[in-house]
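Values below: every heavy atom of this structure, side chains too, minus hydrogens, waters and symmetry copies. Order of the sequence lines fixes the chain letters, A, B, ..., with proteins taken first and strands second; residue numbering starts at 1 for each chain.
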Amino acid sequence: MTKEKLLLLDGNSLAYRAFFALPPLTNQQGIHTNAVYGFTTMLQKIITEEQPTKMLVAFDAGKTTFRHSTFTEYKGGRQKTPPELSEQFPYVRKLIDAYGIQRYELEQYEADDIIGTLAKQAATEKMDVIIVSGDKDLTQLATDNVTVYITRKGMTDIEVYTPAHIEEKYGLTPAQIIDMKGLMGDASDNIPGVPGVGEKTAIKLLTAHGTVEGVYANMDAVSGAKLKEKLIANEQQAYMSKELATIHTEAPLTITLADLAYNGAHDEELRAIYQELGFKTLLEKTDFDIEEQQQEDLVFTVLQTVEQLPQQAALHVELENEHYHTCAVLGMSVSSDAGTIYIPFDVMQQSDVVQAWLADEQVTKYVTDRKATQAALARFNLALNGVAFDLLLATYIVNPSLSGDDVATLVSEFGYRDVKANEDVYGKGAKRAIPADDVVAEHASRKAFAVWTLRETIEERLRQNQQYELYKELELPLARILGEMESEGITVSKETLQAMGAALTERVAHIEAAIYEAAGETFNINSPKQLGVILFEKLGLPVIKKTKTGYSTAADVLDKLQGEHAIIEHILLYRQLAKLQSTYIEGLLKEIHADGKVHTRFQQALTSTGRLSSIEPNLQNIPIRLEEGRKIRQAFVPSNPDWYLFAADYSQIELRVLAHMCGDAALIEAFREGMDIHTRTAMDVFHVEADAVDSNMRRAAKAVNFGIVYGISDYGLSQNLNITRKEAADFITRYLESFPGVQNYMDAVVKQAKTDGFVTTILNRRRYLPEINSSNFNLRSFAERTAMNTPIQGSAADIIKKAMIDMDARLKAEGLQSTLLLQVHDELIFEGPLEEMEVLAKIVPEVMEQAIELAVPLKVDFSYGKTWYDAK
DNA sequence: CAACTCACG
DNA sequence: ACGTACGTGAGTTGG
């Protein structure tokens with residue numbers, strides 16, 4: 001039989017250590033997890049390395065211990081445990097149970113005493129004992145059989161205390177650790193010791209005299225009058241301190257060593273708790289000894305001919321990858337009362353039944369991702385109608401912070417586990433491959449079945465939160481429109497981009513040469529690291545700002561260095577042009593399809609606020625602010641050479657939304673009167689008449705307005721306006737005095753977030769803010785600014801989404817050829833024939849302005865031209 | 001893959 | 001005192 005090895009862990013100390021060693025982490029429900037996570041990684045590592053046969057985690061019980069009767073102030077003056085840590089203890093306990101490890105606590109005793117008692121018992125039975133703690137007090141227990149591991153900074157890093165190590169480090173025996181504490185005390189436990197005696201003096205005294213008792217028996221031999229005086233004055237306190245620091249090895253335990261056998265983790269429980277806590281890496285890394293086919297069996301049939309399909313069903317179309325404008329379609333699965341079937345793509349294409357079924361408005365379909373499905377099928381002339389449920393969008397409305405678009409991830413939010421992650425089926429990176437047909441068929445079938453199973457639950461959840469309408473009448477119809485916009489695409493002139501690129505290449509080369517000349521050497525200008533060395537070391541320019549890895553060379557820093565050295569303006573110009581070249585010329589050229597168009601993908605279930613985002617290519621950040629970049633828009637042209645592009649944008653939509661939501665009389669009046677809002681703000685903030693507002697005052701007022709929308713802070717405003725923090729704070733105060741309704745609204749929305757845990761938009765979109773009550777200033781402040789910003793940004797998003805749906809209907813009703821191509825947060829881009837431009841000029845502003853009625857009017861500006869550049 | 005920078009609303 | 005403006009995506013460098 002192999003030798004028994006006992007592992008004893010100090011639960012409280014390790015959880016504390018982990019909490020303070022790791023940055024604040026939270027799971028998706030907003031529960032803090034850093035202490036549990038640190039504890040888990042430490043536990044995992046130590047079990048793997050030590051392979052113990054017995055284990056126990058000891059905890060402190062209650063507030064008072066036998067030590068308090070010796071000294072009532074014991075552990076006095078401690079900060080109370082932060083709530084972010086307290087809330088984690090139940091999870092630590094659950095985790096220990098899931099690991100199959102015994103845990104124990106005992107009234108009136110601390111974890112140390114439990115550990116000490118068991119260590120002593122184990123030693124008499126000749127076991128190897130390892131003690132793990134974050135508290136060095138435990139090192140007093142070290143013997144030839146008992147080793148003490150003390151965690152260092154990163155939790156998994158440990159310092160091993162054997163008697164030899166203690167001898168080397170302090171020149172003392174483990175038993176003398178207690179005497180050391182008796183003399184020097186311990187601030188963290190409020191053990192007084194002898195005031196004025198620190199570690200050095202204590203070690204010196206103990207080396208000479210062995211113990212506290214020895215020191216007092218040999219007072220004559222103590223050198224130094226002051227020291228002697230202090231020792232004599234505090235003799236009783238020294239003895240008491242020693243007693244307090246002494247670990248009790250005869251605690252009246254109700255468990256025995258035999259109870260501590262460790263036989264490995266309960267994998268199912270462990271996996272459940274990892275899942276609950278959101279420990280994704282641990283979930284992946286751990287080799288759970290459970291049948292991977294934990295999933296319920298699913299019966300499904302692969303069809304080679306299709307005769308009939310149900311009138312109401314869950315439908316999933318399995319795609320090769322997420323690039324649905326280019327990828328292959330593998331097949332479709334249908335789940336209904338009639339069971340689950342899978343139809344390979346070649347059968348889909350040949351089957352009239354399938355095609356008619358997909359296109360039939362009267363057939364009710366519940367899908368996983370309407371937009372992707374519709375756009376992918378459209379490339380094969382397959383129409384998709386009758387969609388009544390979209391898993392991706394429904395999940396996003398339930399909680400926009402939930403990440404991912406894999407069906408497995410989405411359904412797991414509702415506790416459903418019988419779908420595999422795409423990554424587990426297809427692999428990732430270089431290993432990615434399409435598996436055998438039957439594997440794909442089952443995977444797709446499980447997705448459809450999951451939707452069929454979950455649909456009602458999810459819809460019920462939406463109704464409970466009064467979000468069903470937002471989902472069903474806004475997001476779901478919008479998905480169809482966005483899909484059509486993406487499939488239509490926008491034409492980009494290759495020739496125009498290439499001509500611009502050629503001119504740019506030449507200019508960039510000249511500027512590059514000028515930079516090398518000014519620097520006196522060549523280097524990689526694109527490397528902030530190398531550029532920093534040139535600017536701040538070689539050329540000795542003043543360092544304005546640092547990043548965590550070195551010097552900042554960001555544009556606002558370089559702006560402040562303008563005039564200090566000729567190289568600066570060259571670098572700024574180089575950056576500007578290089579960005580155009582790489583992102584907007586070369587990047588965009590790579591995205592042009594064979595049809596001469598780019599087909600972006602609007603991410604409809606991504607942002608926390610309800611906005612869309614645009615990828616591959618991002619068409620929501622095409623340059624406009626600087627003329628050089630703005631010219632890129634000349635490459636965006638109508639799909640028909642005779643047609644025009646029409647652009648319409650909301651004026652000040654976010655500030656109008658703010659005016660509506662806060663009800664501030666002055667702000668509402670300003671918009672009703674049609675005033676220039678920044679000028680009006682300047683008048684109020686600077687207390688002047690309209691004609692006395694100069695451009696600087698207006699600029700400052702504009703920045704204040706932005707700040708208000710973002711969730712104002714004096715620091716942020718001061719950075720933006722390049723003024724002092726005090727001046728910025730002053731601006732804000734005067735603004736809020738002028739618009740007291742804004743102040744009230746901001747206070748109210750933060751308060752509401754603290755009570756409910758979320759904020760809402762005009763159409764009842766939610767964003768959860770778990771950190772709003774955090775004790776961490778930064779996290780809490782960030783959540784507060786978000787609480788102020790999200791209803792504004794999110795409501796503006798609601799409005800334009802509604803406008804898109806109304807516009808789509810209006811274009812159809814009017815029988816126009818014009819189509820919607822793009823949305824850029826507050827603007828819509830259409831294309832159409834010249835004769836429709838005047839019609840658009842009438843109906844687009846009308847529809848956009850009437851999308852949702854606010855307490856202030858919405859205003860839309862518009863224009864059209866032969867290119868996007870000209871539609872200004 | 002993270003950090004930095006910069007394009008947009 | 002704490003250290004930031006809100007929301008995105010893409011290209012480049014460098015460990």
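Using a 4.0 Å heavy-atom cutoff across all strands shown, A/I622 reaches sugar-phosphate atoms only and no base atom. No contact: A/Q719 has no heavy atom under 4.0 Å from any strand. Across all strands, A/N621 comes closer than 4.0 Å to base atoms (heavy-atom distances). Within 4.0 Å of A/S614, counting heavy atoms only, lie sugar-phosphate atoms of the nucleic acid but no base atom. Within the nucleic acid shown, A/G711 has no heavy atom closer than 4.0 Å to any nucleic acid atom. Within the nucleic acid shown, A/E616 comes within 4.0 Å of sugar-phosphate atoms alone, with no base atom in reach, counting heavy atoms only. Within the nucleic acid shown, A/L612 has no heavy atom closer than 4.0 Å to any nucleic acid atom. The residue A/D826 sits close only to the backbone: its heavy atoms come under 4.0 Å of sugar-phosphate atoms, none of a base.
The aromatic rings of A/H678 and A/F706 lie parallel to each other, their planes meeting at an angle below 30°, with 60° marking the opposite boundary. The aromatic rings of A/F830 and A/F646 sit perpendicular, their planes meeting at an angle over 60°, well past the 30° parallel limit.
Between A/F731 and A/Y735, a ring centre-to-centre spacing not shorter than 6.0 Å is recorded.
Proximity of A/R575 to the phosphate of B/dA7: no side-chain N or O atom is located under 4.0 Å from OP1 or OP2. Between A/T549 and B/dC4 there is a side-chain polar atom (N or O) within less than 4.0 angstrom of OP1 or OP2. Contact annotation: A/K529 side-chain N/O to C/dG15 OP1/OP2 distance is under 4.0 Å. For A/N524 and C/dT13, the shortest distance from a side-chain N or O to OP1 or OP2 is below 4.0 Å. A sub-4.0 Å separation between OP1 or OP2 of C/dG3 and a side-chain N or O of A/S713 is absent. A/S613 has no side-chain polar atom (N or O) that falls below the 4.0 Å cut-off from OP1 or OP2 of B/dG9. Remark: A/R780 is not in phosphate contact with C/dC2, judged by side-chain N or O atoms under 4.0 Å from OP1 or OP2. The phosphate of B/dT5 (OP1 or OP2) has a side-chain N or O of A/T553 nearer than 4.0 angstrom. Distances shown here put every side-chain N or O of A/Q576 at or beyond 4.0 Å from the OP1 or OP2 atom of B/dA7.
Looking at A/Q620, its side chain has no donor and acceptor atom pair within 3.5 Å of the base of B/dC8. Judged by distance alone, with hydrogens and angles left aside, A/R725 brings a side-chain donor or acceptor within reach of the base of C/dG3, the pair sitting under 3.5 Å. Between the base of C/dT8 and the side chain of A/R611 there is no donor-acceptor pair shorter than 3.5 Å. Put simply, the side chain of A/R625 and the base of B/dG9 share a donor and an acceptor less than 3.5 Å apart.
To the nearest 0.5 angstrom, A/I708 atom CD1 is 8.5 Å from A/M788 atom CE.
One can place CG of A/L588 at 14 Å from C1' of C/dG11, the figure rounded to the nearest angstrom.
Across all strands shown, C/dC2 forms no Watson-Crick or G-U wobble pair with both distances under 3.5 Å. Remark: B/dC1 base-pairs with C/dG14; criterion is Watson-Crick or G-U wobble with both hydrogen-bond distances under 3.5 Å.
Under 3.5 Å, the side chains of A/T553 and A/R575 contain a donor-acceptor pair of N or O atoms.
Closest to the A/P623 side chain, of the nucleotides B/dC8, C/dG14, C/dG9, is B/dC8.
On the P atoms, B/dT5 is 13 Å away from C/dA5, given to the nearest whole Å.
Residues A/T867 and A/R633 are not in side-chain contact: their nearest non-hydrogen atoms beyond the backbone lie 4.5 Å or more apart.
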